[in-house]
Novice: 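The following block contains the structure, expressed as structure tokens.
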Number of protein chains: 2
Amino acid sequence: MPHFISQKDDRPYSPPKPLYEQVKSYVLKNMESGEWPAYFQLPSEHTLVREMGISRMTIHRALRELTQAGYLERIQGVGTFVAAPKKQRKAIELSEIDDIIRRRGGRHQCDVHFLQEEPIDNDAAAMMAMTSGEEVYRSYFVHRDNGLPVMLEDRYVHPKFMPEYLESDFTHLTADTLLSQKFALLSHSHVVQAAVSNAEINHFLELETTTACIVINRKSWLGDDVISAARLVFPGNRIQLT
Amino acid sequence: MPHFISQKDDRPYSPPKPLYEQVKSYVLKNMESGEWPAYFQLPSEHTLVREMGISRMTIHRALRELTQAGYLERIQGVGTFVAAPKKQRKAIELSEIDDIIRRRGGRHQCDVHFLQEEPIDNDAAAMMAMTSGEEVYRSYFVHRDNGLPVMLEDRYVHPKFMPEYLESDFTHLTADTLLSQKFALLSHSHVVQAAVSNAEINHFLELETTTACIVINRKSWLGDDVISAARLVFPGNRIQLT
DNA sequence: GAGTGGTCTAGACCACTCC
DNA sequence: GAGTGGTCTAGACCACTCC
């Protein structure tokens with residue numbers, strides 16, 4: 001049992017780690033050393049209170065934070081256990097297109113092919129949770145890296161949530177950035193596919209021949225409302241997502 | 001000011017959300033509505049205690065959890081503020097292939113085409129931080145969803161870190177899962193591209209014609225060491241990544 | 001009924017900032 | 001010195017599990 005430094009005993013010069021952090025370290029150390037393997041049942045809060053001389057709220061906070069971080073599992077009425085080795089999900093981070101281009105040392109530029117109000121068609125209505133024929137804002141951009149087209153952005157925006165969309169300046173601000181600034185709590189869902197380019201894509205991305213492209217369908221949500229849906233097309237031979 | 005349901009008043013039949021969750025919802029609602037915009041200074045804990053009739057520890061827990069989640073920023077001695085709109089990175093979560101297939105209701109199966117020790121070539125040596133000609137473990141798998149090939153997995157594994165690789169059973173456990181189980185702290189980096197299939201891919205994925213594919217190059221790191229590198233090829237017309 | 005974790009309170013002391 | 005957030009305590013009541 002290690003020695004726990006009480007806050008009161010200590011000199012002001014070197015502030016000790018808070019007690020709950022010390023408890024967390026103690027638990028993690030036991031897990032790392034193999035002393036407490038996966039599925040091991042930890043001592044109860046009451047036992048730790050007694051053994052460590054720390055109040056239950058503090059013990060509880062430490063165990064709660066380790067649980068939130070995925071290290072422990074707690075079952076009310078049963079106990080606290082070392083979490084099973086987790087099958088972690090591997091995330092691919094997607095940056096904004098302008099950030100990707102600038103990070104590569106390129107110059108970002110955005111051509112606005114159109115930006116208008118139009119009646120929504122069936123497919124887009126389903127994506128946007130709107131009814132077919134309803135008016136929707138639609139934009140069609142081509143993003144360039146030092147002049148070379150690297151992404152086509154075909155976007156629908158719900159007029160109710162973003163009435164000012166058509167008046168925005170997209171040469172200095174991407175639509176994604178604009179949306180994120182307006183809605184701090186925006187979340188996104190993605191579907192990634194591969195497809196070969198068709199005549200439309202070849203035209204706007206200035207491709208000479210049929211090319212394999214990454215197609216990302218991104219929906220932007222505010223709670224249960226779909227604020228915007230975009231189809232992003234990247235020519236596979238011109239850009240890599242990292 | 002909304003009405004906060006005290007735990008004691010309530011009937012046992014419909015347990016109310018805990019008070020700290022109600023405080024979190026209240027804060028988030030004010031943020032969503034624009035009432036509390038970015039950089040807005042929230043009422044102090046003491047004020048919230050008075051106005052809501054909730055104890056400081058409970059208020060504090062709610063604000064702490066929102067801070068940990070990135071919604072608020074707190075400065076000791078100064079106050080609590082709505083966090084600046086973050087230029088958030090949009091993550092695509094990649095599940096393991098067997099999880100993707102099972103989630104779709106399919107049956108996962110893995111064909112082992114080869115699993116051997118071989119001298120590493122130049123390109124792979126660069127990826128694995130090894131020297132050309134050194135012995136490396138290499139595996140070549142095709143994953144199937146109800147019999148249909150949906151992913152080709154061409155993988156190199158560093159023998160020093162995983163000497164038991166060649167003896168493992170890959171019909172019930174993916175290589176990724178095996179690695180994650182052995183190395184709990186494994187991290188990954190990804191490069192995503194699109195490419196059209198070549199003769200090799202057409203053969204192993206049983207594609208009739210040239211097809212657009214998603215190609216993910218995944219490196220698995222333990223600290224600064226590359227444990228494994230894999231090329232994952234998904235036929236774009238058979239699978240979507242979500 | 002004994003033991004577990006989940007929540008909440010009222011009060012305390014503290015470090016820090018701003019004036 | 002007044003106000004802020006950070007931590008900690010001792011005690012309470014509760015829901016839940018297991019026997």
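A note on names: the letters A, B, ... follow the listed sequences, proteins ahead of strands, and every chain is numbered from 1.
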Novice: To the nearest Å, give me how far apart NE2 (H60(A)) and P (dC13(D)) are.
Specialist: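 Taking atom P of dC13(D) as the reference, NE2 of H60(A) is at 18 Å.
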Novice: According to the Watson-Crick and G-U wobble definitions, with both distances under 3.5 Å, which nucleotide is paired to dG1(C)?
Specialist: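 By the stated definition (distances under 3.5 Å), dC18(D) pairs with dG1(C).
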Novice: Kindly say if S44(B) contacts the phosphate of dT4(D), meaning a side-chain N or O under 4.0 Å from OP1 or OP2.
Specialist: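 S44(B) to dT4(D) OP1/OP2: side-chain N or O found under 4.0 Å.
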Novice: Does R61(A) make a side-chain N or O approach to OP1 or OP2 of dC8(D) shorter than 4.0 Å?
Specialist: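 No, outside the criterion.
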Novice: Can you find a side chain N or O atom of T58(A) that sits less than 4.0 Å from OP1 or OP2 on dT9(D)?
Specialist: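 Yes, such a contact exists.
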Novice: Taking only the side-chain nitrogens and oxygens of R74(A), find out if one of them lies under 4.0 Å from OP1 or OP2 of dG6(C).
Specialist: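 So the side-chain polar atoms of R74(A) do come within 4.0 Å of the phosphate oxygens OP1 or OP2 of dG6(C), strictly under.
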Novice: Can you tell me the pairing partner of dT7(C) across any strand shown, Watson-Crick or G-U wobble, with both distances under 3.5 angstrom?
Specialist: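 Base-paired to dA12(D).
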Novice: Heavy-atom nearest nucleotide on DNA chain C for G79(A) versus R64(A): which residue maps closer to 5'?
Specialist: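 So the residue in question is G79(A).
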Novice: 5'-most contact on DNA chain D: G53(A) or I75(B), nearest heavy atom basis?
Specialist: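 The residue closer to the strand's 5' end, by nearest nucleotide, is I75(B).
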Novice: Take the protein atom CD of E45(B) and the nucleotide atom P of dG5(D), then report the distance between them rounded to whole Å.
Specialist: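 Result: 5 Å.
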Novice: Taking atom types as modelled, is there a side-chain donor on S139(B) or Y156(B) under 3.5 Å from an acceptor on the other?
Specialist: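 Short answer, no.
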Novice: Do the charged groups of E45(A) and R74(A) touch, with an N to O distance under 4.0 Å?
Specialist: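 The answer is yes: the pair qualifies as a salt bridge.
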Novice: Measure the distance from CG on L48(A) to P on dT9(D) and round it to the nearest whole Å.
Specialist: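 Whole-Å distance recorded here is 13 Å.
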Novice: Atom CZ of R50(B) to atom C1' of dG3(D): distance rounded to whole Å?
Specialist: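 Computing the R50(B):CZ to dG3(D):C1' distance gives 12 Å.
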Novice: Quickly work out the M57(B) CE to dT7(C) P distance and round it to whole Å.
Specialist: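 About 13 Å, once rounded to whole Å.
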Novice: Which nucleotide in the list dT9(C), dC8(D), dA15(D) gets nearest to the side chain of Q76(A)?
Specialist: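 Of dT9(C), dC8(D), dA15(D), dA15(D) is nearest to the side chain of Q76(A).
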Novice: With sugar-phosphate meaning primed atoms plus P, OP1 and OP2, does L63(B) contact a base, only sugar-phosphate, or nothing at under 4.0 Å between heavy atoms?
Specialist: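 No contact.
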Novice: At less than 4.0 Å, is any side-chain N or O atom of H46(B) found next to OP1 or OP2 of dG5(D)? Yes or no.
Specialist: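 H46(B) to dG5(D) OP1/OP2: no side-chain N or O under 4.0 Å.
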Novice: Nearest whole Å is fine: how far is dT7(D) C1' from I59(A) CD1?
Specialist: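 My rounded result for the distance is 14 Å.
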Novice: Taking all non-hydrogen atoms of both residues, which atom of I227(A) and which atom of L179(A) are closest, and how far apart?
Specialist: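 I227(A) and L179(A) have their closest heavy atoms at CG2-CD2, 3.9 Å.
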Novice: Look at T80(A) and dT4(C) and indicate whether a side-chain polar atom (N or O) is within less than 4.0 Å of OP1 or OP2.
Specialist: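 T80(A) to dT4(C) OP1/OP2: no side-chain N or O under 4.0 Å.
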Novice: With no hydrogens and no angle check, just 3.5 Å: does a side-chain donor-acceptor pair link H143(B) and E153(B)?
Specialist: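 Indeed, the side chains of H143(B) and E153(B) share at least one donor-acceptor pair under 3.5 Å.
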Novice: Are any of the side-chain nitrogens in D176(B) or R155(B) under 4.0 Å away from the carboxylate oxygens of its partner?
Specialist: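 Salt bridge: yes.
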Novice: For R56(A), answer base if it contacts any base atom (sugar-phosphate contacts may also be present), sugar-phosphate if it contacts only those atoms, and nothing otherwise; contact means non-hydrogen atoms under 4.0 Å.
Specialist: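 Result for R56(A) = base.
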Novice: Quick one: pull up CD in E167(A) and OH in Y137(A) and give me the separation to the nearest 0.5 Å.
Specialist: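 Those atoms lie 7.0 Å apart.
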Novice: Rounding to a whole Å, what distance do you find between K17(B):NZ and dC8(C):P?
Specialist: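 Taking NZ of K17(B) and P of dC8(C), I get 12 Å after rounding.
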Novice: Tell me the interatomic distance from L19(A), atom CG, to dC8(D), atom P, rounded to whole angstroms.
Specialist: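 Distance check: L19(A) CG to dC8(D) P gives 4 Å.
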Novice: At less than 4.0 Å, is any side-chain N or O atom of Y20(B) found next to OP1 or OP2 of dT7(C)? Yes or no.
Specialist: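 Y20(B) to dT7(C) OP1/OP2: side-chain N or O found under 4.0 Å.
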